[in-house]
Amino acid sequence: MHLLPTSSPPSLVRQLVSALISPSSSLLRPLHPPVSLLSRRPLTASTLPMPDGDDSLLRKALADKLATIQAQANAVRQLKASGAPKSDIDAAVQSLNALKLDKASLETQLLQSATNNRDAFRQALVNTLERRLFYMPSFKIYRGVAGLYDYGPPGCAVKSNVLAFWRQHFVLEENMLEVDCPCVTPEIVLKASGHVEKFTDLMVKDEKTGTCYRADHLLKDYCKDKLEKDLTITAEKAAELKHVLALLDDLSAEELGAKIKEYGITAPDTKNHLSDPYPFNLMFQTSIGPSGLSPGYMRPETAQGIFVNFKDLYYYNGNKLPFAAAQIGQAFRNEISPRQGLLRVREFTLAEIEHFVDPQDKSHPKFSEIASLKFLMFPREGQMSGQSAERLQIGEAVAKGIVNNETLGYFIGRVYLFLTRLGIDKERLRFRQHLANEMAHYAADCWDAEIECSYGWIECVGIADRSAYDLCAHSDKSGVALVAQEKYSEPREVEKLVIAPVKKELGLAFKGNQKMVTEALEVMDEKVALQMKADLESKGEVEFYICCLGKNVTVKKSMVSISKEKKKEHQRVFTPSVIEPSFGIGRIIYCLFEHAFYTRPSKAGDEQLNVFRFPPLVAPIKCTVFPLVQNQQYEEVAKFISKSLTAAGISHKIDITGTSIGKRYARTDELGVPFAVTVDSTSSVTIRERDSKDQIRVNMENVAAVVKEVTDGQSTWDGILKAYPLHSSGSVDEE
């Protein structure tokens, strides 16, 4: 599946404009603490960099101006109602228009402040992530390579924790079959799946420098920039740009090129003219073996390894459906112009599930467990009519047919639980249904889990009902039937399609290709076969496309017999449908970084301290251990606690430097460590919680048990506070 940011929803900044126009908007009131630019809800951070000063002054000025405009509008209405002289009415209207111009100027300033805030927040976050080695550009000493990143120690730990929870939440709880397939994939496999022919993006080149850009990204950026920043565009022009964004995925190379020329879009860096768009295959090509005669590709997704192993996995599962197979692994896409950090890269980790199910029964035995979940959903009807995402109950969405079936709905609910338990803000998470122009022709229904961050709404998980397309494609190409059976308790009389190729005739006509033509005829679905039968009876011959030959062949009436016969069957043979949740792990982790990051003032109030509010589940280090002062006895206690934490399987860090305890707290808060143990006696110690900064006192023998209880999810910090009283940190130099 493609993991691409969507451009179909309305822009965030234009939503801000709408909110600003409303006198009741919370944006018009001074905010303590400030509002998140993404969710328009209070952040726990007390401050974000404000390049233009405190924008509460702008908000107050705008609120005052709106009140004045309202009063002036009332005055104009009263003058008209009382039959006042035309000169008085015209003067009042002129004053009203002048006030509206002032309001527009204030809105522009506030929008610029919002953009600056968003960019400053992102820059502060990225600086912290790179400085603390969560991730960094690969090959940095050689100036790096776009779209390639290294995870440092804390980043590796977060990623490992996310993947461990993914295995627990999906593989273990759903009894999935996990596989691990090679990254190098033979060309024939990716020809069957359609990747060799269709896994492309349209590219344009700077005509002078040769720099390459994704054509749709240039057009999307132009439209979004106009909609967000150009408040002078007409309603008709805004509607046209929104229409272009909605149809972006449907534009042909010619249509895309025409729009780029119509809008005068040039190369972003040089302003040079651009070439016409042309397709570029995103797969990294290689050859298998030294001869170069066996072409292959670095896999663009992990799913194909599961599909080609279906027959063996089905047997391993006792020849029973439904069942799911899962795989975590690297995927590779030679992106034309990588950008947005971890969101669009050339090598990344995917975690994919292929849930195989009977196409006649897509119910799920555990659907009732998630049916009452209620969260933001964005059905296609709402998108087409310009509405916003709405909070829907997943059980109701399935019952009304908004979501195609129970199994698809079940996985949507499970994905919601997975992401929110990781620490994704549920108010900035939505499930958007694919529009008709985004859906593959074979797909029954597709939804994306989109997470809002400073780049907008980003697709991080795709949940699709792919019908039987993949297994049918590989059956056709390989000649191996990838099917399941349902045994009947009693034989059933059914009308059966019988396709009988005449091998002698086919051999004379196709010689060495006879086998491939025969197999292609035998696996035709009923609709295609009946159409062929009608054409053969009326015309005597028909053109038939053979996938593995990559061309049409002429099939004559004498070469195949197609009929329907009544037979008694003891079992039903069918190709299973597949429900596919596909997770972009890097994207989820980046959005988690944004949702977890905030700043708060130091105790002295002279600086802002960075904090990651990671849940204990994903925190890179669960606990730190600090002797309050450099003291041999305290250090022995710290080492004892360290050993007990290690024995309990709790990742931790011990710090016996002489730095003040406040600075050590600040350092670990910046890594997102949820708990800090301070050794200030030889018998008991304090445990500090990162976000509240509350402390409790416990015996040193109990430290590991208390920390493990919370990090394993057996209890919460609030639950711990009920068992252990708060400790006053009078002697501790808090930050």
Inset, instruction - Ignoring hydrogens and angles, state whether a donor on the side chain of His595 or Arg613 is under 3.5 Å from an acceptor on the partner side chain. - result: no

Inset, instruction - Answer yes or no: does atom CD of Gln330 have more than 12 heavy-atom neighbours from other residues, nucleotides or ligands under 6.0 Å? - result: yes

Inset, instruction - Only pairs at least two apart or in different chains count here, so list each ring-ring contact (aromatic ring centres under 6.0 Å, His included) that has a residue in residues 135-157. - result: Tyr135-Tyr149

Legend entry - Ionic contact status for Asp216 with Lys220, cut-off 4.0 Å: no

Output side-chain donor-acceptor pairs under 3.5 Å for residues 176-191, partner residues at least two apart or in another chain, one line each.
from, atom 1, to, atom 2, distance (Å)
Glu178, OE1, Arg167, NE, 3.1
Glu178, OE2, Arg167, NE, 3.0
Glu178, OE2, Arg167, NH2, 2.8

Legend entry - Contact list for residues 145-162, test salt bridge (charged side-chain N to carboxylate O under 4.0 Å, His left out), sequence neighbours left out: none

Inset, instruction - Tell me, please, which residues at least two apart from Asp358 pass salt bridge (charged side-chain N to carboxylate O under 4.0 Å, His left out). - result: Arg572

Inset, instruction - Return the set of residues passing salt bridge (charged side-chain N to carboxylate O under 4.0 Å, His left out) with Arg414 (not counting sequence neighbours), or none when no residue passes. - result: Glu173, Glu174

Legend entry - Partner set under ring pair (Phe, Tyr, Trp, His ring centres under 6.0 Å) for Tyr297, not counting sequence neighbours: none

Inset, instruction - Could you check whether the rings of His169 and Phe165 sit parallel, tilted or perpendicular, using 30° and 60° as the cut-offs? - result: tilted

Legend entry - salt bridge (charged side-chain N to carboxylate O under 4.0 Å, His left out) partners for Glu526, two or more places apart: Lys564

Inset, instruction - Output all residues satisfying side chain to side chain donor-acceptor pair (under 3.5 Å) with Ser577, sequence neighbours left out; order by chain, then residue number. - result: none

Inset, instruction - Drop me the distance from Trp447's CH2 to Asn404's CG, to the nearest 0.5 angstrom. - result: 10.5 Å

Inset, instruction - Provide the full list of ring-ring contact (aromatic ring centres under 6.0 Å, His included) pairs with a residue in residues 460-480, sequence neighbours left out, each pair given once. - result: Tyr442-Tyr469

Inset, instruction - For this output row, return yes or no: ring centroids of Tyr316 and Phe323 closer than 6.0 angstrom. - result: no

Inset, instruction - Could I get the full list of ring pair (Phe, Tyr, Trp, His ring centres under 6.0 Å) partners for Phe431, not counting sequence neighbours? - result: Phe375

Legend entry - Partners meeting salt bridge (charged side-chain N to carboxylate O under 4.0 Å, His left out) with Lys496 (sequence neighbours left out): Glu569

Legend entry - ring pair (Phe, Tyr, Trp, His ring centres under 6.0 Å) partners for Phe332, two or more places apart: none

Inset, instruction - Measure centre to centre between the rings of Phe583 and Phe170, then say whether the value is under 6.0 Å. - result: yes

